[in-house]
Amino acid sequence: MIIVFGSINLDIVTRTARIPGPGETVKGETYQLIPGGKGANQALAAKRAGSDTMMVGAVGSDAFADLALDNLQRDGVELTQLGRVADPTGIANITVDASGENAIVVASGANSKALASQLDGLGPVQGFLLTQNEVLEEETLKAHAKAKQLGLTTIHNLAPANKLDREALGLIDWLVVNETEALIVADGAGISTGSDSVKAARALAEQTRHNVIVTLGNKGAYSFGPAGDHHGKALAVEVVDTTAAGDSFTGAFAAALDQGFGIADALSRASVAGSLACTVFGAQPSIPDKNAIDAAS
């Protein structure tokens, strides 16, 4: 079982020739309303990758809530611990340029009311707690502490990036970062490796004695720590949209561990999932299923 504590958004996605600079307006032909949020994306990725998954978070009582939950419900993610609050459902304004790169502004809304206490109703459970940085930091820390009480393995995706203190790092079994995030968390831990993200991840794993994964886009991903050093290769794909590639990676990695794959195979499957997500426009529509991951692995 994978329990995801995190954000649930509705993405408002616009395609443009290029991402506007400060004070600039560019024209987009149309827009789409697509379910998203890093928490929801990763829950859907874990479920599609073949694992039983529960989403714990908060949405509003507005019209956007049902749209935001649509794919989770359709794919069978368990929502029994979901909160409904007075705040509006979170949104993300996403601009995607012609090369597939994106710029994202998130308005948290109901996500700021997601509480670790929503995990209190869980009975004995085995598996993983998967978290990100789109709900309140103090609630995520409480969720990690609760996970330790329940005997869950914790996986934290440090996105959006921030510095983690010693207490937070001590509760994380697997830390997943991209190139920029690796440098930020290493700097916060007093580690100086210049601009080398791989060295930063390795040094962080050595200092904390925890497992650290750094994702490198088309260069795949590396993991360092007690579980050993491994490299997962990315697929050579034509990039359409990078939105949710990292979420697909993280959810698929959690699912692979949950299903008993070894670390090297889990990292490879996650890298494949992240690559496949780049070939489809939109966040949740791009998240691949187990059959697609199996076929490309």
Side-chain angles (χ1 to χ4, degrees), residues 2-6 38-39 41-42 45-46 49 127-134 137 140-141 143-145 147-148 152-234 245-258 261-275:
I2 296 170
I3 301 168
V4 181
F5 178 71
K38 296 194 73 64
N41 291 348
Q42 291 179 16
F128 299 82
L129 177 74
L130 178 54
T131 59
Q132 321 77 33
N133 275 1
E134 286 188 340
E137 185 177 351
T140 301
L141 186 61
H144 290 162
K148 291 302 180 183
L152 298 171
T153 298
T154 54
I155 304 173
H156 182 63
N157 179 209
L158 192 77
N162 70 339
K163 295 182 179 181
L164 287 174
D165 60 26
R166 294 284 181 177
E167 181 184 6
L169 281 169
L171 293 170
I172 296 169
D173 296 306
W174 287 90
L175 180 66
V176 182
V177 291
N178 65 18
E179 294 171 85
T180 302
E181 294 154 2
L183 298 175
I184 290 172
V185 71
D187 179 67
I191 298 170
S192 178
T193 56
S195 60
D196 192 320
S197 300
V198 175
K199 286 184 179 179
R202 185 192 298 273
L204 186 64
E206 290 173 352
Q207 185 180 106
T208 63
R209 298 183 181 179
H210 291 282
N211 296 293
V212 179
I213 294 174
V214 57
T215 60
L216 304 168
N218 61 9
K219 298 176 184 177
Y222 288 89
S223 70
F224 306 103
D229 296 355
H230 304 281
H231 177 224
K233 293 183 179 180
D247 295 334
S248 296
F249 175 97
T250 306
F253 178 75
L257 291 185
D258 180 61
F261 283 93
I263 305 304
D265 287 339
L267 198 65
S268 293
R269 292 177 67 81
S271 297
V272 165
S275 298

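We count residues from 1, following the sequence as given. Please read all numbers here as calculations on a predicted model, not as lab measurements. As a basis for the values below, the full set of heavy atoms in this structure was taken, side chains included, without hydrogen atoms, waters or symmetry mates.
- Under the side chain to side chain donor-acceptor pair (under 3.5 Å) test applied with Thr131, the options Gln42, Lys38, His156 reduce to a single match, His156.
- Residues Gln132 and Val4 have side chains in contact (heavy-atom distance under 4.5 Å, counting atoms from C-beta outward).
- Here the side chains of Ile3 and Leu152 are in contact, with some heavy-atom distance below 4.5 Å.
- A donor-acceptor contact shorter than 3.5 Å links the side chain of His231 to the backbone of Lys219.
- Side chain of Asp247 to main chain of Asn41: no donor-acceptor pair is present (N/O by atom type, distance under 3.5 Å, no hydrogens or angles).
- In this structure, Phe249 CZ and Leu267 CG are separated by 5.0 Å, a value rounded to the nearest 0.5 Å.
- Between Phe5 and Thr140 the shortest side-chain heavy-atom distance falls below 4.5 Å.
- A donor-acceptor contact shorter than 3.5 Å is absent between the side chain of Asn133 and the backbone of Ala161.
- To the nearest 0.5 Å, the span separating OG1 on Thr180 from CG on Leu158 amounts to 11.0 Å.
- Using modelled atom types, one side-chain atom of His210 and one backbone atom of Ile172 make a donor-acceptor pair closer than 3.5 Å.
- Interatomic distance, CG of Leu171 versus CG of Leu164, reported as 10.5 Å (0.5 Å rounding).
- Other residues, nucleotides and ligands place more than 12 heavy atoms under 6.0 Å from the NZ atom of Lys148.
- Of the possible polar contacts, one joining the Asp173 side chain to the Thr154 backbone as a donor-acceptor pair under 3.5 Å is found.
- Checked against a 6.0 Å centroid threshold, the rings of Trp174 and Phe128 do not count as neighbours.
- Looking at Ser223 and His230, their side chains come closer than 4.5 Å, going by heavy atoms from C-beta outward.
- The side-chain heavy atoms of Lys233 and Ser268, taken from C-beta on, include no pair separated by under 4.5 Å.
- Remark: Ile184 CD1 to Ser197 OG distance equals 10.0 Å, nearest 0.5 Å.
- Without hydrogens or angle criteria, Gln207 side chain to Leu204 main chain gives no donor-acceptor distance under 3.5 Å.
- To the nearest 0.5 Å, atom CD1 of residue Ile2 and atom CG of residue Leu257 are 8.0 Å apart.
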